[in-house]
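Notes follow once the structure below has been shown.
By convention in this document, chain letters (A, B, ...) are assigned in the order of the sequence lines, proteins followed by strands, and residues within each chain are numbered from 1.
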Protein chains: 2
Amino acid sequence: MITLEDLALKAGVSHSTVSRALADSPLVNPATKARIQNLAQEAGYQVNQVARNLKVRTTKTIGLVVPEVSNPFYPELIQQVADRAKLAGYSLQLHLSAADQESESACIASLAGNRADGILLVTGERGLIARSQVNSLVASGTPVVIMGWVEDAEHLDLVAGDDAAGGRELAYHLADLGHKRIVVLGKPPHRGVLDRMVGFSEALTERGIPLLPEMVIEVASEEEVRIGVSDLLKLPEPPTAIFAYQDSLAAVVYRQLEKEGLSIPNDMTVVGFDNLDLATYLSPELTTVGTHISPLTSAFVSLLVARIQGTYPDPTPQSIIVTPRLVVRASSAPPRSQLNLTDSIS
Amino acid sequence: MITLEDLALKAGVSHSTVSRALADSPLVNPATKARIQNLAQEAGYQVNQVARNLKVRTTKTIGLVVPEVSNPFYPELIQQVADRAKLAGYSLQLHLSAADQESESACIASLAGNRADGILLVTGERGLIARSQVNSLVASGTPVVIMGWVEDAEHLDLVAGDDAAGGRELAYHLADLGHKRIVVLGKPPHRGVLDRMVGFSEALTERGIPLLPEMVIEVASEEEVRIGVSDLLKLPEPPTAIFAYQDSLAAVVYRQLEKEGLSIPNDMTVVGFDNLDLATYLSPELTTVGTHISPLTSAFVSLLVARIQGTYPDPTPQSIIVTPRLVVRASSAPPRSQLNLTDSIS
DNA sequence: AAACCTATTGCAATCGTGTGCAGAAGTACC
DNA sequence: GGTACTTCTGCACACGATTGCAATAGGTTT
């Protein structure tokens, strides 16, 4: 790899002059500047960023840590973050935190070691694991912005959707349609989606609809989803609607219902949460609630970049909450009468 | 951020000793070594990788450039590459090449500037754009491995699926089912999938089935897919099967057929290409062909890592071709008679 | 006791850039 | 012609780590 020194030799000047010429400094004679720039061009000179980073104490890199990527929510997020980061002049260092045991800690340590200018951290099912690391990183001057659920968030810069509000929207929607027996289906230890459940059940009670214990199903795998759904249909009074915590879970519910010979929404209403592209791939298209990812990521990276550049007006930790929106599609409808439903099952 | 020098002061030794202690060098007294390590621990010392990288002329970073991420093929790929890279001790620098105009060139330049130890490059619809940059990068000693279609590939390390073979498999499958009027549907400028088409049509002619010009539909957007499908159904002799170049296109075809009131596979057989997770989300589950991504990514990163470490036995450029596999699911069936079909349309 | 060896540590150079400061031209002004 | 000023260039240090080599101290050998 060719260096400043190499160019300097060719041009018959010192490396300082070359450096300044390539930085388009007004300190260097326009003629020599042009000469040097041409030389660099044709020699295919590529500045050594790692040397440069060391000197200028900045890497123009932001770290993005995301739990995984099989849930379609994350790819959409990554794409947008990447676009926005590039626009602001930053490269992306991607880490998947669910990939190894040490999870977030290892990712953050790596990013800290590589002196990322800032870190975007999307929490996983168990919330923010590496809390203390984040604290000390922030204390030492590296901005970190969190997305997602996190316990005791007031000392962190945070961007999140208002999951409780989303849950309420869905509950109202189902209640308005006339559903009385409603199932909630989700992963048990997933703290990030607990608020969805809370908002949902609050709104149901508010409308005088009981959420019976047997109607709250905790599932840890696709297999358990299928079994859970199958069991529900055997109840003496089966539900008329299923609320899946996530669109991707709803997709599994779809498949099982189809296997059982039920049609959506005639025999069963299904609603999800997230409003992914996936929701429109399903058939019938899924009624769901969610923020557009776009305002989320917009706040996410613009807050971080502002922190990095010290341009954010308010120095205290921010909590940016984006309100989700109900998207009614074809998977929700008023319930059939009990009689018809049992008929169609037998 | 705390440096070696800071630690050295605290420990009352020189920074060289600290460096060696942290590297667990046998050159330093076990007692002082332990003392220094404790000190570093409690001071929360994090080695400055950018300084280290400059000195050791290595970054333990590999660049991954991928066109985009909305096609579900890529997230699956990213996940696996990230896992394998981490396993080999490398971080990932992610670039999305379709995000900006300069496309691949800008990504590669950035990675070269940041002195990535190696680059994994997944080509997009138009094949490898930044050919000359890749060449000079490889010439200067940075290994690059390409995945996907590329013109004139013999001087590059390459990993790809055998798309022509996959296309043939699909053609045989449809022919065996008894289909005669078969539509091929894909994006026009997408060189990467041309081989699918070639293999497919070769196999059809081999079986004596003509692939009429009006049966080859080029579509550039979702909207065009819908129009294209809709138009097909108005033909005097509509097709009985549709081959979509990609699973994600097949998903759009599904939606349009549903809107038109046709049922898959009774009224129309649909097959895709890629064998994504998406294929099993669809209903009915999609018959498709594709390699498992796993052997692809495995070859992808292990070849690159071997090149970086100089452990690959054969120094000449490799072409690793992975053979895809036909996965028959519920979306393909023998054609109905012409009469029934036209009935169900009207 | 001199010579030698070993274990441990520090000195100093190095990686490739950026940049403050000094110095060298060249120019203008009195 | 001397002074001051402008314009340009180079010297040298810094960024924070690694590492070859020299140096020290202590112990062993003869």
Requested in this report: Starting at atom CG of Asn29(B), determine the distance to atom C1' of dT9(C), rounded to an integer number of angstrom.
Outcome: 10 Å

Report task. Sorted by first residue and then second, give each salt bridge (Lys or Arg N to Asp or Glu O under 4.0 Å) pair with at least one member in residues 129-144 of chain B; sequence neighbours left out. Result -> none

Query raised in the report: Thr61(B) and Gln93(B): side-chain donor and acceptor closer than 3.5 Å?
Result: no

Looking at residues at least two apart in the chain, or sitting in another chain, which of them share a salt bridge (Lys or Arg N to Asp or Glu O under 4.0 Å) with [X]?
{"X": "Asp152(A)", "answer": "none"}
{"X": "Arg307(A)", "answer": "Asp157(A)"}
{"X": "Lys60(B)", "answer": "none"}
{"X": "Asp24(B)", "answer": "Lys33(B)"}

Query raised in the report: Looking at residues at least two apart in the chain, or sitting in another chain, which of them share a side-chain hydrogen bond (donor to acceptor under 3.5 Å, both in side chains) with Asp163(B)?
Result: Arg196(B)

Report task. Quick one: list whatever passes side-chain hydrogen bond (donor to acceptor under 3.5 Å, both in side chains) with Ser302(A), sequence neighbours left out. Result -> none

Report task. Considering just the side-chain nitrogens and oxygens of Ser19(A), establish if one lies under 4.0 Å of OP1 or OP2 belonging to dG18(C). Result -> yes

Query raised in the report: Which of residues 44-61 of chain A sit near DNA chain D, with a heavy atom under 4.0 Å from it?
Result: Leu54(A), Lys55(A), Arg57(A)

Got a list of side-chain donor-acceptor pairs under 3.5 Å for residues 40-52 of chain A, not counting sequence neighbours?
| unit_1 | atom_1 | unit_2 | atom_2 | d |
| --- | --- | --- | --- | --- |
| Asn48(A) | OD1 | Val50(A) | N | 2.9 |
| Asn48(A) | OD1 | Ala51(A) | N | 3.2 |

Considering only nitrogen or oxygen atoms on both sides, find all protein atoms under 3.5 Å from nucleotides 20-27 of chain D and state each distance.
| unit_1 | atom_1 | unit_2 | atom_2 | d |
| --- | --- | --- | --- | --- |
| dG20(D) | O6 | Arg20(B) | NH1 | 3.4 |

Requested in this report: Could you list the residues that satisfy side chain to side chain contact (heavy atoms under 4.5 Å, CB included) with Ser132(B), not counting sequence neighbours?
Outcome: none

Query - Helix axis bend for the helix from dA1(C)-dT30(D) to dC30(C)-dG1(D) - C1'-based end axes, five pairs, 10° rounding - result: 70°

Query raised in the report: Considering only dT9(C), dT9(D), dT17(C), which nucleotide approaches the side chain of Val28(A) most closely?
Result: dT9(D)

